[in-house]
Amino acid sequence: SDRVEEALGDVPFLIMKSNGGVSSAREVAKKPITAVLSGPAAGALSAAYLGRLSGHRHLITLDGGGTSSDIAIIEDGEAKRATRNRLDEFTLRLPMIDVVTIGTGGGSIAWKSGEERLRVGPRSAGANPGPICYGRGGEEPTLTDANLVLARSPLLIAGGEVTLNKALAMKAMRQLSRHFKMGPLEIAAGVVEIAAWNQAHAVRSATVQRGISPHDFALMAFGGSGPLTAGLVADILGIETVIIPPFPGMTSAFGLEVVDLVHDFSISHHQREDDLNLEALGSAFEQLEQRAEEGLGLEGIPPHRRVFRRSAEIRYQGEAHEIEVDI
């Protein structure tokens, strides 16, 4: 980071963090874990910003890429956060934008399972060789190939720089269809529908299983592949409104331009509701605000631009999971 800052001179060098804000590279270097999964977090913050512009403050985001799809919930214009997250077998006790990720994306491979059923993902063709229609040596049919065969995606992508090969995609669908004694268009439609159901199930796990009804939300789809299945996902979930940003492939990157500089400071402070010591609680928050003042000062944020948000992780006695509550 020192080399980059030296090269940039007076231009600020900020890095996205998973808590929904940015910080200077110098601050992030002190705690690199704060940048984990920050790309999906930027997408959720971008969606919240675009939702407010479009008059929709309650959103479900569908950020579909090449290998996976990320789902986040926006309530009243704010992306939901969580303080306990999992990364593989690790539990992260960090404030992070709450994102559910599944292995369904444009490069997800369609295949026949041992039960003679059609599956889509979680294996992916990746960027290299990529889907068969890219013409780079891919050998396994993908969701992108199915969309191309069904004319759901254009022949030219990346602003016309990449031409997709529909003949190769059709050949791949024809080979896959032989396993199921169906036509290539029929199997392609099945691949797209299964991908949509995979995404719909993920949305349900992020909403219904947490006491949220998806019917009350609009679906904002972005990423390279998200908008292609958005209509089907909305139909499955009974969502009436689908919003596609004008630059779906760059929506997450746009989020970097609209987020604030954010620091999180925490302290262990245990109290019971029936024996509250408000003076001690206030003193704990004052300690945190002093640390926050120092951090924002080092970042060059003037006092009149600073906003402090107090919250506490609260649980019922005997429970193992806390809920973050604004105070």
Problem set entry | Basic-acidic side-chain contact under 4.0 Å: K30, E27 | yes

For this session: Salt-bridge test for K31 and D264: reply yes if a basic N is under 4.0 Å from a carboxylate O, no otherwise.
Result: no

Would you say [X] and [Y] make side-chain contact, with heavy atoms under 4.5 Å?
| X | Y | value |
| --- | --- | --- |
| V191 | P141 | no |
| I239 | F217 | no |
| I327 | F285 | yes |
| M96 | V36 | yes |
| L185 | M170 | yes |

Exercise. Are F247 and V258 connected in the hydrophobic side-chain network, where two residues link if heavy atoms are under 4.5 Å apart?
Worked result: yes

Might you point out which heavy atoms bring [X] and [Y] nearest each other, and give the distance in Å?
| X | Y | value |
| --- | --- | --- |
| L148 | A169 | CD2-CB, 4.1 Å |
| L118 | I194 | O-CD1, 3.3 Å |
| I244 | A230 | CD1-CB, 4.4 Å |
| P95 | R81 | CB-NH2, 3.7 Å |

Seminar exercise, completed: Contacts of S24 meeting side-chain hydrogen bond (donor to acceptor under 3.5 Å, both in side chains) (sequence neighbours excluded), chain-then-number -> E299

Exercise. Between T144 and N147, do the side chains contain an N or O donor and an N or O acceptor separated by less than 3.5 Å?
Worked result: no

Problem set entry | Pair T34, K17: side-chain N/O donor-acceptor within cut-off below 3.5 Å | no

Exercise. Are E324 and S311 close enough, and set up right, to give a side chain to side chain donor-acceptor pair (under 3.5 Å), and what steps lead you there?
Worked result: CA-CA 6 Å; E324 185 180 21; S311 66; 3.0 Å; yes

Problem set entry | Gap between atom CZ of R291 and atom CG of L296 - 0.5 Å precision | 12.5 Å

